[in-house]
Amino acid sequence: MQRTFIAIKPDAIQRGLIGEVIRKFEKKGFKIIGLKILQLDRATAEKHYAEHVGKPFFESLVNFITSGPLVAMVLEGVNAVDAARKLMGATNPVNADPGTIRADYAHTMERNIVHGSDSPESAEREIGIFFDESELVPGWKRDLEERFISL
Ligand code: IDP
Ligand code: MG
């Protein structure tokens with residue numbers, strides 16, 4: 001089991017897509033173990049996107065991600081980091097495989113609906129930025145799993 005950090009970005013929230021995005025991850029079988037809505041301040045946004053400091057798009061990226069509320073989420077699953085990124089599709093939605101979240105709902109890199117951690121290390125770092133450990137419910141079981149265990 002692995003954890004990954006997902007953010008549903010302000011463009012998705014403006015467009016009323018929170019439910020659609022969560023549905024994709026739920027349908028795939030991830031467990032949501034952390035979930036909240038918040039508006040990022042600049043300092044936190046810069047910390048979250050620290051790897052992109054100095055890149056030409058950094059300023060507009062930070063402006064965008066702080067422009068409205070986002071939904072922060074922690075998912076648990078097998079190979080959660082890679083599996084979630086696969087489901088999200090490529091950074092540039094034009095290159096995203098059909099059926100992925102970015103292919104279905106976005107067509108520009110600047111408004112690509114969703115963020116997902118790129119490694120288990122990034123996941124732990126990003127989870128720490130957005131959540132206190134006490135806000136997470138790790139390892140909860142579905143009734144079906146409990147039933148299988150007892151059979
Ligand atoms: P990722 O979100 O797929 O991990 P990153 O390279 O980490 O992609 O970039 C973070 C975010 O910054 C992207 O999701 C995208 O919104 C934006 N971004 C990345 N590269 C560019 C670019 O070349 N121009 C404009 N925006 C970009
Ligand atoms: Mg990234």
Side-chain angles (χ1 to χ4, degrees), residues 1-140:
M1 278 298 162
Q2 196 177 60
R3 306 193 305 182
T4 191
F5 174 74
I6 300 294
I8 307 175
K9 296 182 180 183
D11 54 334
I13 287 156
Q14 290 299 322
R15 291 171 55 198
L17 295 173
I18 297 172
E20 301 288 327
V21 175
I22 291 179
R23 183 85 191 109
K24 285 269 199 183
F25 288 112
E26 266 195 311
K27 263 167 82 178
K28 183 73 181 173
F30 291 105
K31 284 178 191 167
I32 300 171
I33 64 163
L35 184 64
K36 63 172 142 186
I37 187 161
L38 71 151
Q39 183 149 1
L40 269 188
D41 58 58
R42 232 183 146 73
T44 310
E46 287 175 359
K47 193 168 162 193
H48 172 66
Y49 279 128
E51 64 173 308
H52 298 302
V53 172
K55 294 185 185 167
F57 60 85
F58 182 71
E59 203 52 34
S60 56
L61 178 61
V62 170
N63 286 343
F64 162 63
I65 208 76
T66 57
S67 67
L70 62 73
V71 170
M73 193 158 60
V74 180
L75 302 180
E76 194 179 73
V78 177
N79 291 328
V81 168
D82 288 344
R85 281 185 71 93
K86 190 86 182 161
L87 194 60
M88 286 161 48
T91 306
N92 187 341
V94 168
N95 301 325
D97 290 336
T100 61
I101 295 168
R102 283 165 168 171
D104 280 357
Y105 299 115
H107 72 278
T108 69
M109 201 136 68
E110 290 81 2
R111 300 287 184 273
N112 62 3
I113 301 286
V114 67
H115 164 87
S117 308
D118 63 8
S119 69
E121 296 72 30
S122 303
E124 291 309 311
R125 190 185 77 84
E126 292 168 1
I127 291 167
I129 292 173
F130 285 84
F131 289 92
D132 191 88
E133 203 59 37
S134 67
E135 296 177 287
L136 303 178
V137 185
W140 60 266

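None of these values were measured; they are calculated from a predicted model.
F131 carries K36 over the face of its six-membered ring, with the cationic atom under 6.0 Å from the centre and within 45° of the normal.
Contact of the I65 side chain with the H48 side chain is not registered, since no non-hydrogen atoms from C-beta on lie closer than 4.5 Å. Inter-residue side-chain proximity for F25 and I101 is flagged as met; some heavy-atom pair is nearer than 4.5 Å. R102 places a side-chain heavy atom less than 4.5 Å from the side chain of V114. Contact of the V21 side chain with the V71 side chain is not registered, since no non-hydrogen atoms from C-beta on lie closer than 4.5 Å. The shortest distance between side-chain heavy atoms of Q39 and T66 does not fall below 4.5 Å. In this structure, F5 and R125 have side chains that are not in contact, with every pair of non-hydrogen atoms separated by 4.5 Å or more. Side-chain contact between N63 and R42 is present, with at least one heavy-atom pair separated by less than 4.5 Å. Side-chain contact between L75 and I32 is present, with at least one heavy-atom pair separated by less than 4.5 Å.
Pairing each heavy atom of P10 with each of S67, the nearest pair is CB-OG, 3.9 Å. Nearest heavy-atom pair, S117 versus A123, reported as atom, atom and distance to 0.1 Å: OG-CA, 3.3 Å.
Taking a cutoff of 4.0 Å between a charged side-chain nitrogen and a carboxylate oxygen, K27 and E20 do not qualify as a salt bridge.
Judged by distance alone, with hydrogens and angles left aside, the side-chain atoms of K24 form no donor-acceptor pair with the main-chain N or O of T100 at under 3.5 Å. The backbone N or O of G34 sits nowhere less than 3.5 Å from a side-chain atom of E135 that would complete a donor-acceptor pair.
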List the atom pairs, with distances to 0.1 Å, where a side-chain N or O of residues 80-96 and a protein N or O form a donor-acceptor pair under 3.5 Å, not counting sequence neighbours.
unit_1	atom_1	unit_2	atom_2	d
R85	NH1	G116	O	2.9
N92	OD1	V94	N	3.1

### Message
Between F58 and E46, does the side chain to side chain contact (heavy atoms under 4.5 Å, CB included) criterion hold? Intermediate values first, please.
### Response
CA-CA 9 Å; F58 182 71; E46 287 175 359; 3.8 Å; yes

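A distance of 4.5 Å separates CG in L70 from CG in L40, rounded to the nearest 0.5 Å. Once rounded to the nearest 0.5 Å, the distance linking CZ of F57 with OH of Y49 reads 9.0 Å. In this structure, CD1 on I127 lies 7.0 Å from CG on L136, to the nearest 0.5 angstrom. For the atom pair CZ of F30 and CZ of R3, the computed distance is 14.5 Å after rounding to the nearest 0.5 Å. Distance CD1/I113 to CZ/R111: 10.5 Å, rounded to 0.5 Å. In this structure, CZ in F130 is found 7.5 Å from OG1 in T44, a value given to the nearest 0.5 Å.
Within a 6.0 Å sphere centred on NE2 of H52, heavy atoms belonging to other residues, nucleotides or ligands number more than 12.
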